[in-house]
Amino acid sequence: MSHTALRKNCNFLFNKLKTESSIRNGSFERNLKHFSQISNLAVEGHDSPVTSENQYEAIREVMEPFGHLSYEEQLEKKQSWSHQIRETIIERFKTLKFKGNVNGCTVEKISPSPVIEKYRNKDEFSIHYGVDGNPKTVGFFIGQLAKSNIVCVPATHLSIIKDEHKALAEVYQNFIRSSNLPVCYSLDDGGCFRTFTVRSNSAGETMAIAVSHPAERNPFDIEKEREDLLNFFQKSGVMPTSLFHQTCKSFRCTNEQSPFKLLYGEPYLFENLLDLQFRISPDAFFQINVEGAEVLYTEIVRLAKLKPFTTLLDLCCGTGTISLVASRKVRGCVGVESVKDAVADARINALDNNIFNCDFVHGTVEKKLFYALRDLDMASHVVAVVNPGRGGLHEKAMETILKCDLISQLIYVSCAADNPVAMRNFIQLTNQPRKATHKPFNLSKIKPVDLFPKTRHCELLLVFDR
Ligand SMILES: C[S@@+](CC[C@H](N)C(=O)[O-])C[C@H]1O[C@@H](n2cnc3c(N)ncnc32)[C@H](O)[C@@H]1O
C-alpha cells in the first residue's frame with residue numbers, strides 16, 4: 001500500500017475515533033484500552049499480528065520489501081519490471097488504430113545506485129499509536145484499513161534511513177510525549193502534532209521541520225509550542241543544523257500557503273552534485289538519493305540528443321538540477337516548476353554556479369508551457385525532459401507538447417512508470433488520434449536507474465523521438 005493510501009486510511013480510522021476524548025487527553029491506560037479496539041494488528045500481506053517483538057521486522061517488510069534480497073537480485077527484479085513496462089506499453093498500443101512506433105523500443109541495462117544503505121536524504125515521519133498503545137509514536141505506518149489495524153513503528157531498525165534522521169525523530173517523539181498538546185490524527189479532530197520531516201545533505205547537515213495543526217489555538221499558544229520545541233531540542237544535545245516549524249490546516253502546505261518559521265540555524269540546505277552546488281529550501285524537491293541522482297542526471301545527458309544549438313525544456317524542474325547539469329552542452333535551458341521556493345532556488349543555483357543560459361519560470365507546466373514555447377521562437381532544436389513525479393503530466397501540458405513540432409525528443413523521467421497517469425502519458429505521446437495533425441513520438445529506449453535500493457521502486461528514463 002502506498003504511503004498516501006496509508007495516510008488516507010489513517011485519517012479515516014481516526015475520524016471514527018476522534019469523538020472519543022481519550023485520544024486527546026486521556027491517560028496512557030485509557031489510550032491503551034482505546035487502542036485495543038483497533039488491535040488485531042496484522043501487517044499488509046501478513047496474517048500474523050504485529051507485536052512489540054516483530055514490529056521492526058514488519059516495518060522492514062513495508063519500507064524495505066527487497067531488503068532480504070542481494071543487491072544483484074534486486075537489480076534483476078527491477079530490470080525485468082522495466083521489460084514489463086515496455087510490454088505493457090506495446091500491449092496497450094495494439095488496441096489503438098493510429099500509431100507512432102513503440103515496437104523498436106529497447107530496454108537498456110539498469111544502472112545501480114552507488115549506495116544501498118542510509119541513502120535517504122529526506123524522511124517524513126508520521127505520528128500515531130505504537131504497538132504498545134502509546135498514541136504519540138513517531139515513525140512509519142503499517143497495517144490495513146479493512147482490519148482496522150494501522151500502527152506506527154519507529155524507524156530505528158530501517159537500514160535505508162540515516163542515523164541522524166532516526167536520532168532527531170526520537171528527540172521529537174520525546175518532545176511530543178512531554179507535551180500536553182494532543183496529536184492531530186485527522187484534520188478536524190482539534191489535535192496539534194502532525195508530521196516531522198528530516199532532510200540532510202552529504203556533509204551531514206540536517207534540516208528538521210515540525211508541522212502542527214493550528215486547531216483553535218491563538219498565535220501566543222503556537223509561539224509557545226515553538227519555544228518549547230526549540231528548548232527541548234537544545235536541551236537534548238541532538239540539534240539539527242536548522243529547525244523549522246510550520247502550522248498547516250490542510251494535508252500539505254507550501255511556504256506560500258503557510259510560511260515555514262525558522263526557529264534555529266540556516267534557512268537552506270546546500271548539496272553538491274556533479275561539481276555543482278545546489279541550495280535547497282524546506283519546500284523544494286530534491287532527489288532522495290544524491291549519489292543515485294548523479295547517475296540519473298548523467299544518463300539523461302547521455303541519452304538526450306543535445307547540440308550546442310539545442311534549447312532544453314526542463315519541465316517540473318525543482319531546484320533546476322537537470323537544466324544546470326546539461327547547461328554547458330546546450331544553447332539554453334528553460335525550466336518550469338510549480339513550487340515558488342524551488343524556482344527561487346533554481347535561479348540562485350544558476351547564478352551561484354556561474355551559469356547564465358538558464359531561465360526558470362514559476363507556474364504549472366499546463367499553464368506556463370504554452371507561453372514558454374511562444375517565447376522560444378528563435379529556437380531551432382528543442383529537447384524536453386519531463387519529470388512530473390507520481391502525478392504525471394496534465395492533459396493540457398501533453399497537448400501543448402504534442403503540438404509543438406520543434407520538440408524533436410522528449411525524455412520522460414518517471415519514478416512510477418506503472419502509474420495509470422504516467423502510462424496514459426506514454427500512450428498519448430506515441431499515439432496519433434484520427435483527427436490530430438501532430439506527428440507522434442516513437443518510444444525508442446527505456447533506461448532504468450535504481451535510486452531506491454531495498455524498495456520496489458525504480459526510476460525509468462523513457463526516450464521518445466520524432
Ligand atoms: C519528481 S520532482 C523532479 C524535480 C527535478 N526534475 C529534480 O530532478 O530534482 C517533480 C517536481 O515537479 C513539480 N511539479 C509537480 N507538478 C507540477 C506541475 N503541474 N507543473 C510544474 N511543476 C510541477 C514538483 O513541485 C517537483 O518539484
Side-chain angles (χ1 to χ4, degrees), residues 3-4 120-122 124 199 201 252-257 269-274 276-301 303-304 312-327 333-350 353 358-373 383-401 410-417 419 421-422 424-425 449 451-452 457-462:
H3 198 65
T4 317
R120 290 178 61 88
N121 61 20
K122 180 179 179 184
E124 183 177 327
R199 305 186 72 162
N201 61 13
R252 200 175 286 278
C253 294
T254 61
N255 191 36
E256 284 174 277
Q257 290 160 334
L269 266 181
F270 289 86
E271 183 60 279
N272 294 319
L273 188 148
L274 293 174
L276 298 170
Q277 194 191 55
F278 290 90
R279 182 184 97 174
I280 309 167
S281 295
D283 225 4
F285 175 92
F286 206 79
Q287 293 290 354
I288 209 147
N289 171 351
V290 175
E291 288 92 336
E294 292 189 322
V295 178
L296 181 78
Y297 297 145
T298 305
E299 287 301 320
I300 292 173
V301 172
L303 292 165
L312 179 75
L313 279 179
D314 182 3
L315 305 181
C316 302
C317 66
T319 57
T321 42
I322 295 172
S323 291
L324 300 185
V325 167
S327 61
C333 306
V334 180
V336 183
E337 164 61 45
S338 59
V339 173
K340 196 175 179 183
D341 285 12
V343 176
D345 288 345
R347 290 176 181 152
I348 290 289
N349 290 335
N353 289 290
C358 297
D359 192 15
F360 297 99
V361 178
H362 172 224
T364 61
V365 176
E366 50 276 23
K367 283 201 181 136
K368 297 291 170 135
L369 180 60
F370 175 81
Y371 302 100
L373 285 172
V383 170
V385 178
V386 305
N387 186 195
R390 285 170 187 274
L393 269 190
H394 191 276
E395 288 294 312
K396 212 168 157 212
M398 292 298 298
E399 205 180 299
T400 311
I401 288 171
L410 182 144
I411 300 186
Y412 198 118
V413 187
S414 178
C415 61
N419 180 301
V421 187
R424 194 168 65 222
N425 287 167
V449 181
L451 256 63
F452 317 105
H457 303 289
C458 179
E459 204 80 41
L460 284 195
L461 302 176
L462 293 100

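Counting starts at 1 for both ligands and their atoms, in listed order. Quick caveat: nothing in here was measured; it's all calculated off a predicted structure.
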Only distances under 3.5 Å count here; give the side-chain donor-acceptor pairs of residues 394-401 to other protein atoms, sequence neighbours excluded, each with its distance to 0.1 Å.
| unit_1 | atom_1 | unit_2 | atom_2 | d |
| --- | --- | --- | --- | --- |
| His394 | ND1 | Lys396 | N | 3.0 |
| Glu395 | OE1 | Gln428 | NE2 | 2.9 |
| Glu395 | OE2 | Arg424 | NE | 3.4 |
| Glu395 | OE2 | Gln428 | NE2 | 3.1 |
| Glu399 | OE2 | Lys403 | NZ | 3.4 |
| Thr400 | OG1 | Lys396 | O | 2.8 |

Heavy atoms from other residues, nucleotides or ligands near CZ of Phe370 exceed 12 (cutoff 6.0 Å):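 No, not enclosed.
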
I'd like the contact residues of ligand 1, where contact means a heavy atom below 4.0 Å.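 Phe285, Gln287, Tyr297, Cys316, Cys317, Gly318, Thr321, Ile322, Glu337, Ser338, Val339, Gly363, Thr364, Val365, Glu366, Asn387, Gly389.
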
Which heavy atom of Val413 sits nearest a heavy atom of Ile300, and at what distance?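 Heavy-atom minimum between the residues: CG2-CD1, 3.9 Å.
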
Is it true that a side-chain atom of Asn289 and a backbone atom of Leu451 form a donor plus acceptor pair closer than 3.5 Å?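 Here the side-chain-to-backbone pair exists.
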
Can you check side chain to side chain donor-acceptor pair (under 3.5 Å) on Ser281 and Asp341, steps first, answer last? CA-CA 6 Å; Ser281 295; Asp341 285 12; 4.6 Å; no

Taking Ser323 as the fixed residue, which of Asp314, Asp359, Asn349 is the one that meets the side-chain hydrogen bond (donor to acceptor under 3.5 Å, both in side chains) rule?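 Only one option passes, and that is Asp314.
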
